[in-house]
**Student:** 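Before anything else, here's the structure in question.
Ligands are counted one by one from 1 in listed order, and the atoms in each one are counted from 1 as well. Keep in mind that the numbers below use all heavy atoms, side chains included, and drop hydrogens, waters and symmetry copies. Just so it is clear, the structure is predicted and the values come from calculations on it, not from any experiment.
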Amino acid sequence: MNIGIVCYPTYGGSGVVATELGKALALRGHKVHFITYKQPARLDTFTGNTFYHEVYVSNYPLFDFPPYETALTSHLVDVVKFEKLDLLHVHYAIPHASAAIMAKQILAMEGIYIPVITTLHGTDITLVGKDASFGPVVCYSIHMSDGVTAVSQSLKDDTYSFFKIKRDIEVIPNFIDLDRFSKKDHSHFKKAIAPNGEKLLVHTSNFRKVKRIDDAVKVFAEVYKKMPAKLLLMGDGPERIHIEMLCRELGLYDAVTFLGKQNQVQEILSVCDLFLMPSETESFGLAALEAMACELPVISSNAGGIPELNIDGETGFLCNVGDVQGMAEKAIYLLEDESRLLQFKANAKKRAAQFDINQIVPHYEAYYQTVLNKSQSSK
Ligand code: GMT
């Protein structure tokens, strides 16, 4: 197939999923065209089957807000026509789904038919999507897409409850490349960061409020009272300054290391003992899956789709959003008993294997084929 993928090129989970999916499809013999405003962060290998089309938005002085959606739509029309794409797969509804639907309508006037598949990732529904300033457009684009997927059952349910939508939504979960994400020996790094055998807790995110990183720090504070431990915070974003202040207030500054944005996430996860994900909402929790593949149990909230990944009492523990005390107790329970911790680590790795990229990508291929067949028969 000749596939166009539209995504955010930054470090966010939806961009990672879209890029890794595109790369995997290219390895399976498809031609994959990425259409976005910057080279996707993970599009770092040359496969011969992947192509990158940059969307340029001209910045006329009249524009307080350069119209990216319009530029993207025009670029989609151009790429679909000249690269003879079979389908467009857009990740994150805003503004990718509406841009693709408009491109589809423009192309239809020229007799060119292009099916559009929209993948919902989470905040495009649960936070921004249901906001009145975007809601009607998100709802319309979901209706008009030829296929819609959601990354968890929870996100599918949220979509039905936030919007008046009756159409089918296919659940295809996030996936993981187990060759890249597996525990590797980085004992030199472990010695440098935890020279006295401290337990290492870790959190990675884009440092948005929805991640409740303050809860992660407070959970760590309780653990730190009981045993030698350190907290690694990976990623960056608007909450970082508040989190730094909180660490100072709690007298934890020397025990917490801010690592910033990292490309080799798996190397850091490999030396850690426990992953913290106290999110307010989380459609799936790709960061937790990456951690589990590196043999880390997860202490998380029970928000959104996290319970579809993290199994309470087996791969970690789930607590209500904001239940810092409960999360701290469970973290201590795991960390204070080495054999228990080892068992949970093994369980986490086994669970992660159920989301192996090699098993999930064929679901997308099959779904593409179903949508193409349906579109062909309704032409
Ligand atoms: O987590 C974020 O804030 C980034 C966001 C994104 O779209 O880039 O992630 C969402 O999509 C990921 C990939 O499907 C999911 O694993 C994350 O759970 C989801 N984030 C939220 O729902 C908050």
Side-chain angles (χ1 to χ4, degrees), residues 5-22 24 36-38 40-42 89-97 117-131 134 138 148-159 161-162 169-177 181 203-213 215-216 233-240 261 265 275-293 298 300-310 318 321 351-352 354-355 357 360-361 363-364:
I5 289 188
V6 181
C7 64
Y8 281 105
T10 45
Y11 279 82
S14 61
V16 168
V17 169
T19 312
E20 295 297 344
L21 171 64
T36 182
Y37 58 86
K38 201 169 76 183
R42 292 253 183 123
H89 185 180
V90 303
H91 292 259
Y92 207 88
I94 307 165
H96 301 149
I117 295 175
T118 297
T119 288
L120 307 172
H121 279 274
T123 49
D124 47 353
I125 296 296
T126 56
L127 284 185
V128 232
K130 66 176 183 181
D131 187 295
F134 298 113
V138 172
V148 178
T149 77
V151 298
S152 64
Q153 181 61 41
S154 152
L155 183 58
K156 175 175 171 172
D157 296 343
D158 283 344
T159 308
S161 71
F162 296 149
I169 298 177
E170 181 86 1
V171 174
I172 306 182
N174 286 175
F175 51 79
I176 188 89
D177 177 354
F181 285 90
H203 167 85
T204 85
S205 75
N206 52 14
F207 279 56
R208 312 254 153 200
K209 257 197 163 31
V210 67
K211 302 293 175 182
R212 295 184 72 103
I213 308 174
D215 283 1
L233 294 174
M234 243 191 291
D236 215 334
E239 280 298 288
R240 169 147 177 188
K261 285 180 185 164
V265 177
F275 188 80
L276 302 175
M277 179 174 266
S279 305
E280 181 89 33
T281 76
E282 198 71 59
S283 65
F284 180 87
L286 180 61
L289 174 57
E290 293 179 345
M292 288 163 74
V298 175
S300 68
S301 71
N302 53 10
I306 304 179
E308 294 170 50
L309 170 67
N310 186 21
L318 296 149
V321 173
R351 176 78 181 139
Q354 293 173 359
F355 298 89
I357 188 169
I360 306 295
V361 170
H363 287 287
Y364 275 110

**Student:** Please report whether ligand 1 has a polar contact with Lys211, defined as an N or O pair separated by less than 3.5 Å (distance criterion only).
**Tutor:**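 Looking only at distances, the answer is yes, because the N/O contact criterion of under 3.5 Å is met.
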**Student:** Would you say Glu282 and ligand 1 have an N/O pair spaced under 3.5 Å apart?
**Tutor:**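 Yes; the residue has a nitrogen or oxygen that sits under 3.5 Å from a nitrogen or oxygen of the ligand.
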**Student:** Looking at Tyr92, which atoms of ligand 1 are within less than 4.0 Å of one of its heavy atoms?
**Tutor:**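 Near Tyr92, meaning under 4.0 Å from one of its heavy atoms, ligand 1 has 7 (O).
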**Student:** May I ask you to check whether Phe284 and Phe175 place their ring centres under 6.0 Å from each other?
**Tutor:**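 Phe175 vs Phe284: aromatic centres not under 6.0 Å.
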**Student:** Going by the order shown, which atoms of ligand 1 are within less than 4.0 Å of some heavy atom of Gly122?
**Tutor:**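 Listed by number with element: 22 (O).
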**Student:** Record the part of Tyr8 in heavy-atom contact with ligand 1 below 4.0 Å; permitted values are side chain, backbone, both and neither.
**Tutor:**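 Looking at Tyr8 and ligand 1, no heavy atom falls under 4.0 Å.
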**Student:** Between Tyr8 and Tyr37, how do the two ring planes meet: parallel, tilted or perpendicular, split at 30° and 60°?
**Tutor:**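 Aromatic pair Tyr8/Tyr37 classed perpendicular.
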**Student:** How about His91 and His121: are their ring centres within less than 6.0 Å of each other?
**Tutor:**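 Under 6.0 Å, so yes.
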**Student:** Heavy-atom contacts with Thr281 under 4.0 Å: which atoms of ligand 1 show up? List them by number with element.
**Tutor:**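 Selected atoms, number and element: 23 (C).
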**Student:** Quick one: does Ile169's side chain get under 4.5 Å of Val171's, heavy atoms only?
**Tutor:**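 No, their side chains stay 4.5 Å or more apart.
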**Student:** Of all heavy-atom pairs between Ala288 and Leu309, which one has the smallest distance, and what is that distance?
**Tutor:**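 Closest pair (atom of Ala288, atom of Leu309, distance): CB-CD2, 3.9 Å.
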**Student:** Looking at Ser283, which atoms of ligand 1 are within less than 4.0 Å of one of its heavy atoms?
**Tutor:**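 Answer, ordered by atom number: 15 (C), 17 (C), 18 (O), 19 (C), 21 (C), 22 (O).
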**Student:** Does the side chain of Val6 reach to within under 4.5 Å of the side chain of Thr36, using non-hydrogen atoms?
**Tutor:**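 When only atoms from C-beta onward are counted, Thr36 and Val6 do not touch, as no gap falls below 4.5 Å.
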**Student:** Would Gly15 count as a polar contact of ligand 1, with the cut-off being nitrogen or oxygen pairs under 3.5 Å?
**Tutor:**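 N/O-N/O distance under 3.5 Å: no.
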**Student:** Should you measure from each heavy atom of Phe284, which atoms of ligand 1 turn up under 4.0 Å away?
**Tutor:**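 Listed by number with element: 16 (O), 18 (O).
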**Student:** Return the set of residues passing ring pair (Phe, Tyr, Trp, His ring centres under 6.0 Å) with Tyr364 (not counting sequence neighbours), or none when no residue passes.
**Tutor:**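 Result, ring pair (Phe, Tyr, Trp, His ring centres under 6.0 Å) vs Tyr364: His89.
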**Student:** Please state which part of Asn206 comes within less than 4.0 Å of ligand 1, counting heavy atoms only: side chain, backbone, both or neither.
**Tutor:**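 The part of Asn206 near ligand 1 is the side chain, not the backbone.
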**Student:** Looking only at heavy atoms, is any part of Arg208 under 4.0 Å from ligand 1, and if so is it the side chain, the backbone, or both, or is it neither?
**Tutor:**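 For Arg208, there is no contact with ligand 1 at all, from either part.
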**Student:** Using a strict cut-off of 4.0 Å, indicate which atoms of ligand 1 neighbour a heavy atom of Val151.
**Tutor:**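 Listed by number with element, the hits are 14 (O).
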**Student:** Taking atom types as modelled, is there a side-chain donor on Thr126 or Asp158 under 3.5 Å from an acceptor on the other?
**Tutor:**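 Side-chain D/A pair, Thr126 to Asp158: absent.
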**Student:** With atom 13 (C) of ligand 1 as the reference point, say which of Leu155, Asn174, Leu286 has the nearest heavy atom.
**Tutor:**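 Comparing heavy atoms across Leu155, Asn174, Leu286, the nearest one to atom 13 (C) of ligand 1 lies in Asn174.
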**Student:** Do ligand 1 and Gly285 have nitrogen or oxygen atoms that lie under 3.5 Å from each other?
**Tutor:**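 In this structure, Gly285 places an N or O atom under 3.5 Å from an N or O of ligand 1.
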**Student:** Does Lys211 come within less than 4.0 Å of Glu239, counting only side-chain N to carboxylate O?
**Tutor:**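 Salt bridge absent between Lys211 and Glu239.
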